[in-house]
Amino acid sequence: MLRKMGEAVARVARKVNETVESGSDTLDLAECKLVSFPIGIYKILRNVTDQIHLITLANNELKSLTSKFMTTFRQLQELHLEGNFLQDLPNEVSTLRHLKAIDLSRNQFHDFPEQLTTLPALETINLEENEIVDVPVEKLAAMPALRSVNLRFNPLNAEVRVIAPPLIKFDMLMSPEDARASPP
């Protein structure tokens, strides 16, 4: 067990160092068995946080993200958090004014993260395979850049299905009403 933990820590360190040394705009920590965003990474990346435009934390074991994460990476344009155990986002997600795409699929959201509706550049929201019942259709309709919201495989209520289509000017992907179960 300790050996596997050591390998996971080494993998994270290697990926962070690659980002710093190459001057990359991407930090990819997917499938690193993270239960939280490592605090030490903030110090290592402090001189390059404004250069990072894409962070992938997919397929980890994250239960939450801190406000510090959101306020540190203010230049983010894409955030991939699919396949974790997230149930909500910190309010500080509203500081990500340049965010264009967020993938929150395969998490544990019961409520639509309404903070996302305040982001002016946001074009794509993926919330497929969560437990969302209600959606702030009017707030989504008012988002200037929004092009797509994926809500497939969520137990959406009938009201959302009826109200949404005439109000929205973007693609809202929903499963057929009788297909609420997870995909095969």
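Because the structure is a prediction, the values reported are computed rather than measured.
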So with a 6.0 Å cut-off around CG of N17, is the heavy-atom count from everything else above 12? yes

R152: side-chain contact (heavy atoms from CB on, under 4.5 Å) partners, not counting sequence neighbours: E128, N150, L173, S175

Looking only at atom types and distance, does a side-chain atom of N126 sit under 3.5 Å from a main-chain N or O of D103, one as donor and one as acceptor? no

Nearest-0.5 Å distance, CD of residue E21 to CZ of residue R14: 12.0 Å

Which residue pairs pass the ring pair (Phe, Tyr, Trp, His ring centres under 6.0 Å) test with at least one member in residues 104-138, sequence neighbours excluded? none

Applying ring pair (Phe, Tyr, Trp, His ring centres under 6.0 Å), which residue pairs with at least one partner in residues 68-106 are found, sequence neighbours left out? F37-F69, F37-F73, F69-F73

Pair L27-L29, side chain to side chain contact (heavy atoms under 4.5 Å, CB included): steps then yes or no: CA-CA 6 Å; L27 176 61; L29 297 178; 4.1 Å; yes

Using every non-hydrogen atom in the two residues, find where N154 and E131 come nearest and quote the distance to one decimal. OD1-N, 3.3 Å

Judged by atom type as modelled, is there a donor-acceptor pair below 3.5 Å linking the side chain of T19 to the main-chain atoms of K15? yes

Do Q75 and H53 touch side chain to side chain, with heavy atoms closer than 4.5 Å? yes

Any side-chain donor near an acceptor of the partner, N59 and R106, under 3.5 Å: yes

Quick check: is M172 connected to L167 through a chain of hydrophobic side chains (ILVMFWY, heavy atoms under 4.5 Å apart)? yes

As an exercise, state the distance from CG of L151 to CZ of R161, rounded to the nearest 0.5 Å. 9.5 Å

Using the rule that Ile, Leu, Val, Met, Phe, Trp and Tyr join whenever any side-chain heavy atoms are under 4.5 Å apart, tell me whether V16 and L76 fall into a single cluster. yes

Can you name the closest pair of heavy atoms from T118 and S94 and give their distance? OG1-CB, 3.4 Å

Using side chain to side chain contact (heavy atoms under 4.5 Å, CB included), reason through N60 and V35 one step at a time and then give a plain yes or no. CA-CA 7 Å; N60 280 292; V35 293; over 6 Å; no

Could you check whether any side-chain N or O of N107 sits under 3.5 Å from a backbone N or O of S105, counting only pairs where one atom can act as donor and the other as acceptor? yes

Applying side-chain contact (heavy atoms from CB on, under 4.5 Å), can you list everything that pairs with A30, at least two apart in sequence or on another chain? D28, T56, A58

Can you sort out the partners of E159 under side-chain contact (heavy atoms from CB on, under 4.5 Å), two or more places apart, ordered by chain and number? N157, I163

Under a 4.5 Å cut-off applied to non-hydrogen side-chain atoms, are I52 and D25 in contact? no

Could you give all pairs that pass the ring pair (Phe, Tyr, Trp, His ring centres under 6.0 Å) test and reach residues 131-150, with sequence neighbours left out? none

Please collect all salt bridge (charged side-chain N to carboxylate O under 4.0 Å, His left out) contacts where either partner lies in residues 41-67, sequence neighbours excluded, each pair once. none

Listing, residues 134-149 side-chain donor-acceptor contacts under 3.5 Å, not counting sequence neighbours, or none:
from, atom 1, to, atom 2, distance (Å)
K139, NZ, E114, OE1, 2.6

Nearest-0.5 Å distance, CD of residue Q115 to CD of residue E92: 9.0 Å

Closest contact, heavy atoms only, V93 versus L119: O-CD2, 3.4 Å

Shared hydrophobic cluster for L54 and M70 (ILVMFWY, side-chain gaps under 4.5 Å): no

Contact check, side chains of D111 and D88, non-hydrogen atoms, under 4.5 Å: no

Given I102 and L89, is the side chain to side chain contact (heavy atoms under 4.5 Å, CB included) satisfied, shown in steps? CA-CA 12 Å; I102 188 164; L89 295 173; 4.3 Å; yes

What's the separation between atom CZ in R97 and atom CG in L122, rounded to the nearest 0.5 Å? 11.0 Å

Spell out, as yes or no, whether a donor-acceptor pair under 3.5 Å connects the side chain of N130 to the backbone of L104. yes

Tell me every residue that passes side chain to side chain donor-acceptor pair (under 3.5 Å) with T117, counting only those two or more places apart in sequence or in another chain. none

Quick one, L156 with M174, criterion side chain to side chain contact (heavy atoms under 4.5 Å, CB included). Give me CA distance, side-chain angles, the key distance, then yes/no. CA-CA 8 Å; L156 297 172; M174 298 181 275; 3.6 Å; yes

side-chain contact (heavy atoms from CB on, under 4.5 Å) filter on Q87, not counting sequence neighbours, yields Q108

